[in-house]
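One-based numbering, in listed order, for ligands and for the atoms of each. Heavy atoms only: backbone and side chains are in, while hydrogens, waters and symmetry mates are out.
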Amino acid sequence: MFYSRMLIPTLKENPAEAEAVSHRLLLRAGMIRKLASGIYNYLPLGLRVLRKVERVVREEMNRAGAQEVLLPAVQPAELWEESGRWQIYGKELLRFQDRHGRDCCFGPTHEEVITDLVRREVHSYRQLPLNLYQIQMKFRDEIRPRFGLIRGREFLMKDGYSFHVDEADAEACYQAMYDAYNRIFQRCGLRFKVVEADSGPIGGSFSHEFMVLADTGEDLLASCLACDYAANLEKAEVVPAAANPGPAAAAAAPEAVATPNVRTVEEVAAFLNVTPREIVKTLIYETEKEPVAVLIRGDHEVNEVKVKKLLGVMDLTLAGAGRVRELTGAEVGFAGPVGLNLPIYADQAVAALAAAVTGANKTDHHLVRVNPQRDINITQVADLRTVTAQDPCPHCGGCTKILRGIEVGHIFKLGIKYSQALKATFLDEAGQEQFIFMGCYGIGVSRIMAAAIEQGHDDQGMIFPMALAPFQVALIPISLNDAATREKALSLHAAMEEAGLEVLFDDRDERPGVKFKDCDLLGIPLRVVVGPKTLAAGNAEVRQRRTGETIMAPLEELLPYLQDRIRQEMNEKAEI
Ligand code: ATP
Ligand code: MG
């Protein structure tokens, strides 16, 4: 491919709007351009990378026995009403009407459409199992689109759905997808971790996320240093500390003390000369059912995902000042659990306290010497806080660390949630009508492209793994004015293309320095330079983008050498 004929509008300066490295480099390399917030054009080079990711995904999905389909992006509201999600899905769902005034949406995901297809076409156990996937643009009107392709509004997703006669078969497919995903991310040259994920408030079944490790990641995960346990922080379980003495009876009854204008944990700790560990925070939440109080120790953070799951609710929002006053009789900062007439959910660390400080439900007052088990009418004690790096691994008791990651894949056991709602059934061997068991499996195809750059870059630009690079080889002639060099470079280019190498021939009338800079920016793994001097010696210079290692290859060995390197790098596994 001739560089001069391609649209590769590289930028010398860093675009001001880009916060993430991948966003900045994708813009600088002329791979993407923004059309509107979270909506991007893919230019020729960017599309080549995207297609490479798609290819890996497609090959591994097909190998695992899945079949490709393509479903419509525009979906009728009726299907979403049937599943109940037309009401539940918030503003992320882009809704509009067609010319007849029919409600529609632009698909953010396709459970409804695929379940509808399958309920029409599948009637017998003989037609199952089925594993169908597509690679398609989704639209989610994200509150905060950012980091370029990492959180777009329009983005390319691989979404797959499987259909089974029973739970055991669905689980076998889940395992096959788990394995396929591992192969996909390995082949993409990514450093990643598989984590246990929350399966949503209604879920109850299991779910795993695939996280590309990067300091810029929006997700936090707890990872054990000793065993292979890893979990999204939303889900990671807290093991109650073994050294916890348990609730010894506090000698005296609670007592109210005046704490004028002292509201936060830090202020209370300083004012009463106690540590945050001895303070209980009382958080008043509104839910779609009823308001509740959640008790958390002062040095801990509440985990709202765990709270939602325990309560079985979708909406959980902190009550406003007015509501807090109404429900507790006090201003925010002075709510407390003693005598509070609400369902009270206490974190297990709170229940283990012997004498704690809490709000007094009276403005400018706190209670001291509260013994939660004795003095609070606790509805339920549960694990309601977020783990910290100090918490032991729930599997082996080892030390954990907290890492940042970018979610690139998510697999999910759905059970009969959608088949029940949409009445997707089949007749079993005994002629009985049964709901179809389902699983769903997503991969952020465009997000992978950005995640690979977050992991692979340096000051000069991108460092693509061989499997995702827009071209495998860049061929740079030092001087095109030199007839011999020009001839040789052209014939090398032809020979490389003939041999099936993906080569970008930089035939631009630019100084070598400019070409080298662009080649580094584009992250092409192998750079071949030919000039009068090297050619006279019968050589070409080959440099590896990743290591900077440069060798002189005799011209007659150049092609086999490049083919060998490409093959080797395609099979390399990234070190975690
Ligand atoms: P997130 O928590 O990052 O919003 P999600 O849980 O909403 O992701 P899923 O519904 O599981 O995502 O979608 C499957 C995959 O699609 C995700 O694992 C992710 O890689 C990708 N994805 C989701 N939202 C976006 C987005 N706004 N931009 C790019 N990729 C996305
Ligand atoms: Mg999301």
Side-chain angles (χ1 to χ4, degrees), residues 20 22-23 26 32 34 36-40 42 46 50 53-54 56-57 61 85 88-94 106-112 114 133-161 174 177-178 180-182 184-185 188 190 192-201 203 205-214 216-221 232-235 304-305 308 314 404-414 417-418 438-455:
S22 60
H23 189 193
L26 283 164
I32 61 167
K34 179 165 129 180
S37 167
I39 303 179
Y40 291 89
Y42 290 83
L50 195 71
V53 180
E54 276 183 44
V56 173
V57 171
M61 289 303 292
R85 290 208 289 185
I88 294 170
Y89 229 97
K91 290 192 170 168
E92 265 189 32
L93 186 64
L94 179 63
F106 195 106
T109 177
H110 281 67
E111 282 84 0
E112 282 80 359
I114 196 103
Y133 76 97
Q134 62 169 343
I135 297 178
Q136 187 217 31
M137 280 295 177
K138 302 285 189 250
F139 193 93
R140 294 184 182 178
D141 207 349
E142 301 271 359
I143 307 181
R144 223 175 299 124
R146 55 183 179 159
F147 304 144
L149 299 186
I150 292 182
R151 186 166 297 283
R153 292 199 297 161
E154 189 176 298
F155 59 95
L156 195 63
M157 195 203 282
K158 186 287 291 182
D159 48 328
Y161 309 86
Y174 185 92
M177 288 294 104
Y178 183 101
Y181 274 38
N182 272 298
I184 288 169
F185 300 122
C188 288
L190 296 166
F192 67 98
K193 250 194 180 307
V194 191
V195 303
E196 292 177 11
D198 176 61
S199 49
S205 12
F206 51 89
S207 160
H208 286 91
E209 287 163 346
F210 293 75
M211 296 281 188
V212 164
L213 302 175
T216 45
E218 289 180 288
D219 282 285
L220 290 167
L221 42 128
N232 191 316
L233 225 56
E234 289 179 347
K235 155 93 198 268
E304 295 188 348
V305 174
K308 279 188 191 171
M314 303 282 294
R404 282 196 167 272
I406 302 169
E407 180 195 323
V408 288
H410 194 174
I411 57 177
F412 211 88
K413 248 179 67 185
L414 285 174
K417 182 175 167 189
Y418 291 94
M438 289 174 61
C440 76
Y441 320 96
I443 288 186
V445 175
S446 47
R447 186 181 278 185
I448 287 180
M449 183 170 158
I453 299 165
E454 291 292 327
Q455 279 194 341

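Here E196 pairs with K235 in a salt bridge; the nearest charged N to carboxylate O distance falls below 4.0 Å. A salt bridge between R153 and D141 is present, with a side-chain N of the basic residue lying under 4.0 Å from a carboxylate O of the acidic one. Using a cutoff of 4.0 Å between basic side-chain nitrogens and carboxylate oxygens, E111 and K417 are not scored as salt-bridged.
In this structure, S446 has no heavy atom closer than 4.0 Å to ligand 1. Residue-ligand proximity: L156 is placed with every non-hydrogen atom at 4.0 Å or more from ligand 1. Using a 4.0 Å heavy-atom cutoff, V408 is listed among the residues neighbouring ligand 1.
At a 3.5 angstrom cut-off on N or O pairs, G442 does not count as close to ligand 1. Remark: ligand 1 and F155 share no N or O pair separated by less than 3.5 Å (distance only, no angle test).
Contacts between L149 and ligand 1, counted as non-hydrogen atom pairs separated by less than 4.0 Å, involve the backbone only. At a 4.0 Å heavy-atom cut-off, ligand 1 does not touch I448 at all.
Taking the six-membered ring for Trp and the full ring otherwise, F210 and H208 have centroids separated by 6.0 Å or more.
Of all atoms in ligand 1, listed by their number and element, those nearer than 4.0 Å to a heavy atom of E142 are 24 (N), 26 (C), 27 (N). Below 4.0 Å from some heavy atom of G409 lie the following atoms of ligand 1, by number and element: 18 (O).
Compare R153, R447, R140, H410 by their heavy atoms: the one nearest to atom 19 (C) of ligand 1 is in R447. With E234, R151, E407 as candidates, the residue nearest to atom 3 (O) of ligand 1 on a non-hydrogen basis is R151.
Y174 and F206 have perpendicular rings, their planes meeting at more than 60° on a 0 to 90° scale where under 30° would count as parallel.
Checked by atom type and distance alone, the side chain of Y178 never pairs as donor or acceptor with a backbone atom of I411 at under 3.5 Å. Under the 3.5 Å distance criterion, the side-chain polar atoms of K91 are left unmatched by any main-chain donor or acceptor of I143. For the pair Q455 (side chain) and L213 (backbone), a donor-acceptor distance under 3.5 Å is present.
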